[in-house]
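Let me give you the structure first, and then I'll get to my questions.
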Amino acid sequence: MRRINGLTALCRAVKGVAAAPSVAGNPVRHHRLVQAALSTTTNDGALSRSNWLSYNRTAAGQSTSAAAHAVAGVILFSAAATALGEEAHAKEPVQSEFRPKDVVLYQYEACPFCNKVKAFLDYYDIPYKVVEVNPLSKKEIKWSDYKKVPILMVDGEQMVDSSDIIDKLAKKIHPDKAVGSVADNEEKKWRGWVDNHLVHMLSPNIYRNTSEALESFDYITSHGNFSFAERIAAKYAGAAAMYFVSKKLKKKYNITDERASLYEAAETWVDALDGRDFLGGTKPNLADLAVYGVLRPIRYLKSGRDMVEQTRIGDWYARMEAAAGPSSRIQA
C-alpha cells in the first residue's frame, strides 16, 4: 500500500471546493420538479427521478467560492495539526487478476448513494467511466429495466442498489475473504445505520432555508445533466420546492432541530470509532466508505462546514479524504 504524508493529503483535500455559475430566468416545467421533490429516498439505497431532488450536493460555488476555500483551508489546517507525524493510508490496490476491466457508473453527481459507490471505487483505485443521467428524461438508462441510480456496469454485468453493488464488488476483488467475524458484524451494523438513518439527515439540512437551498441548486444546475430550460427551472423552482419538502421530511423522520440531529449523527459515528483511526482499524472498511460517501455531497456546503466545526468528525473525514485519494474516474 502506498503511504503519503498526512499533512500533504489534508492540504490536497482543499481542492474539493468547485465553482459553479449562477443561472437566472423564469421557471419552466415547475410541476415536474415539485412532483419529483415530494418523493423520498427509496429503501433499496437508490434514487429514482422522483426523489433525486431530495438528496443533492453542492460545492460552495457562487461568488463566495473564495471564502469557502478559505473556510475549508482553516478546517483542514486544524485537522493537520493532529496529523503531523502520522502516515495516512492512500488507495488500497486490487490484485490485477481480480480488478474489473470495464466499469461504467450511471449516476446523478449529487446523489449520496452514487457517492457511496464512487468512494469504494476511488479507494480501491478501480478506474470507472461516468454517465450523468438526466433526472427528468432519464434517457441515458432507457435501455435498463431498472429506473433508478446508481446503476453500475461491471464487465458487462448490471449491478443495482448501492449497498448490493458494494457487496458484489467487494466479493469480486476479495474472493477469498472470510466473513462472519465480530468486525464484519460491526461493519454491517454501521452500513445499515448509514442507509436507514444518516442519509435522512441530509435533505433537512441542505435545504434548511432558502439561501442554503439555492446554494445546493447552484451545484445541481452546473453539474447535473440538464438542458438550458431545465437548468433554469431546477435552480429556482427546485430550490423553492425543496425548501418546503425539507419541512415535510423533518416531520416524517421526527427531526425537531435539523442541525442538532446532524451533529448528533456525526458524534454517534465518532463514538463508534472508539479511538480508532477508522472503524476498520488502521484502514477504512466498508462502513467507513459508506459514511464518507454519503457525507461527500454536503461536506463543503454550509451544513457540512457547520458539522465539521461543531463536532469531532473533522479529523476522521480528513483521514478518509487522504485514504480515498484522487478520483479513479476516467474519460468516457
Side-chain angles (χ1 to χ4, degrees), residues 1-2 9 13 16 44-47 55 57 88-132 148-155 157-177 179 183-184 186-196 198-199 202 269 277-299 316-317 319-330:
M1 174 185 294
R2 296 187 294 107
D44 59 359
L47 291 189
Y55 288 100
R57 69 171 285 192
H89 292 274
K91 299 287 187 185
E92 182 75 13
V94 178
Q95 294 182 38
S96 58
E97 63 265 37
F98 302 131
R99 180 191 296 271
K101 303 298 188 294
D102 183 26
V103 179
V104 182
L105 175 65
Y106 293 82
Q107 66 151 27
Y108 304 142
E109 176 64 27
C111 162
F113 297 117
C114 299
N115 275 276
K116 274 174 57 182
V117 175
K118 288 192 290 187
F120 181 97
L121 296 171
D122 291 339
Y123 177 64
Y124 285 103
D125 203 15
I126 299 172
Y128 60 95
K129 301 172 186 176
V130 167
V131 176
E132 190 68 20
K148 305 173 185 177
V149 295
I151 296 175
L152 193 70
M153 294 299 298
V154 180
D155 296 331
E157 177 187 355
Q158 176 178 287
M159 298 182 183
V160 299
D161 175 278
S162 61
S163 293
D164 285 348
I165 289 170
I166 290 169
D167 286 341
K168 290 178 180 178
L169 285 176
K171 188 172 182 180
K172 276 182 176 289
I173 66 176
H174 296 135
D176 300 324
K177 181 181 177 182
V179 296
D184 289 330
E186 182 183 42
E187 178 184 78
K188 181 179 179 180
K189 168 189 171 182
W190 287 102
R191 289 179 68 194
W193 175 81
V194 171
D195 290 343
N196 298 317
L198 182 59
V199 293
L202 303 187
W269 174 247
D277 283 349
F278 306 101
L279 193 76
T282 59
K283 58 185 180 180
N285 64 12
L286 298 184
D288 287 290
L289 292 172
V291 176
Y292 174 64
V294 301
L295 290 181
R296 266 178 163 180
I298 74 165
R299 171 58 185 91
W316 169 85
Y317 192 94
R319 289 193 294 271
M320 284 301 304
E321 282 188 312
S327 173
S328 297
R329 177 176 175 173
I330 59 177

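Below, each value reflects all heavy atoms present in this structure, side chains not excepted, and no hydrogens, waters or symmetry copies. Computed from a predicted structure; not experimentally measured.
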Practice task
Provide the closest heavy-atom pair for Ala170 versus Leu286 in the form atom of the first, atom of the second, distance.
Solution key: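 It is CB-CD1, 4.2 Å.
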Problem - Expected output: side-chain Asp155 to main-chain Asp102 donor-acceptor under 3.5 Å - result: yes
Practice task
Check whether any side-chain N or O of Lys283 sits under 3.5 Å from a backbone N or O of Gly281 as a donor-acceptor pair, and report yes or no.
Solution key: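 No, Lys283 side chain to Gly281 backbone: no donor-acceptor pair under 3.5 Å.
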Practice task
Please name the pair of heavy atoms, one in Leu105 and one in Cys114, separated by the smallest distance, quoted to 0.1 Å.
Solution key: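 It is CD2-O, 4.4 Å.
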Handout entry: Charged N-O contact under 4.0 Å between Arg191 and Glu186
Key =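 No, no charged N to carboxylate O under 4.0 Å.
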Handout entry: Side chain to side chain, Val160 and Pro150, heavy atoms closer than 4.5 Å
Key =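 In short, these two side chains do not touch, never coming nearer than 4.5 Å.
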Handout entry: Separation between CZ of Arg296 and CD of Glu109, rounded to the nearest 0.5 Å
Key =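 Between atom CZ of Arg296 and atom CD of Glu109 there are 9.5 Å.
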Handout entry: Nearest heavy-atom neighbours spanning Pro297 and Pro112
Key =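 Here Pro297 and Pro112 meet closest at CG-CA, 3.9 Å.
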Handout entry: Heavy-atom side-chain proximity of Ser162 to Lys116 below 4.5 angstrom
Key = yes
Exercise for the section: Report yes or no: does Lys91 contribute a side-chain atom to a donor-acceptor pair with the main-chain N or O of Pro326 at less than 3.5 Å? Expected result: yes
Practice task
Scan Ile166, Val104, Leu169 and name whichever one has a side chain to side chain contact (heavy atoms under 4.5 Å, CB included) with Leu152.
Solution key: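 For Leu152, the side chain to side chain contact (heavy atoms under 4.5 Å, CB included) check succeeds only for Leu169.
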Practice task
Determine, step by step, whether Val154 and Lys101 satisfy the side-chain contact (heavy atoms from CB on, under 4.5 Å) criterion, reporting the C-alpha distance in whole Å, the side-chain angles of both residues, the deciding distance to 0.1 Å, and the verdict.
Solution key: CA-CA 8 Å; Val154 180; Lys101 303 298 188 294; over 6 Å; no
Handout entry: Donor-acceptor side-chain pairing of Trp316 and Asp288 below 3.5 angstrom
Key =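 On atom types as modelled, these side chains qualify, holding a pair under 3.5 Å.
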Exercise for the section: Can you measure from CZ (Phe98) to NZ (Lys171) and round to the nearest 0.5 angstrom? Expected result: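 Rounded to the nearest 0.5 Å, the CZ-NZ separation comes out at 13.0 Å.
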Exercise for the section: Show the numbers, then the answer: is there a side-chain contact (heavy atoms from CB on, under 4.5 Å) between Val131 and Gln107? Expected result: CA-CA 6 Å; Val131 176; Gln107 66 151 27; over 6 Å; no
Practice task
May I ask you to test the Phe113-Val149 pair for a side-chain heavy-atom distance under 4.5 Å?
Solution key: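 The answer is no, as the side chains (C-beta and beyond) never meet within the 4.5 Å cut-off.
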Handout entry: Pairwise distance CD1(Ile173) to CD1(Ile126) - rounded to 0.5 angstrom
Key = 5.0 Å
Handout entry: Distance in Å, Tyr124 OH paired with Lys172 NZ, rounded so as to fall on 0.5 Å steps
Key = 15.5 Å
Exercise for the section: May I ask you to decide if the ring planes of Trp193 and Trp190 are parallel, tilted or perpendicular, using 30° and 60° as cut-offs? Expected result: perpendicular
Practice task
Evaluate the criterion salt bridge (charged side-chain N to carboxylate O under 4.0 Å, His left out) for residue pair Asp122 and Arg329; output intermediate values, then yes/no.
Solution key: CA-CA 8 Å; Asp122 291 339; Arg329 177 176 175 173; over 6 Å; no
Problem - Shortest non-hydrogen separation from Asn115 to Cys111 and the atoms involved - result: ND2-O, 2.8 Å
Practice task
Using a 4.5 Å cut-off on heavy atoms from C-beta on, say whether the side chain of Asp184 contacts that of Lys177.
Solution key: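 When only atoms from C-beta onward are counted, Asp184 and Lys177 do touch, with a gap below 4.5 Å.
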Handout entry: Pair Thr282, Asp277: side-chain N/O donor-acceptor within cut-off below 3.5 Å
Key = no
Handout entry: Close side-chain approach of Ile151 to Met159, heavy-atom, < 4.5 Å
Key = no
Exercise for the section: Spell out, as yes or no, whether a donor-acceptor pair under 3.5 Å connects the side chain of Asn285 to the backbone of Glu187. Expected result: no
Handout entry: Nearest non-hydrogen partners of Val103 and Pro127, listed with the distance
Key =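 Smallest interatomic distance, heavy atoms only, reads CB-O, 3.6 Å.
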Problem - Euclidean distance, Phe278 CZ relative to Tyr292 OH, rounded to 0.5 Å - result: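 The OH atom of Tyr292 sits 10.5 Å away from the CZ atom of Phe278.
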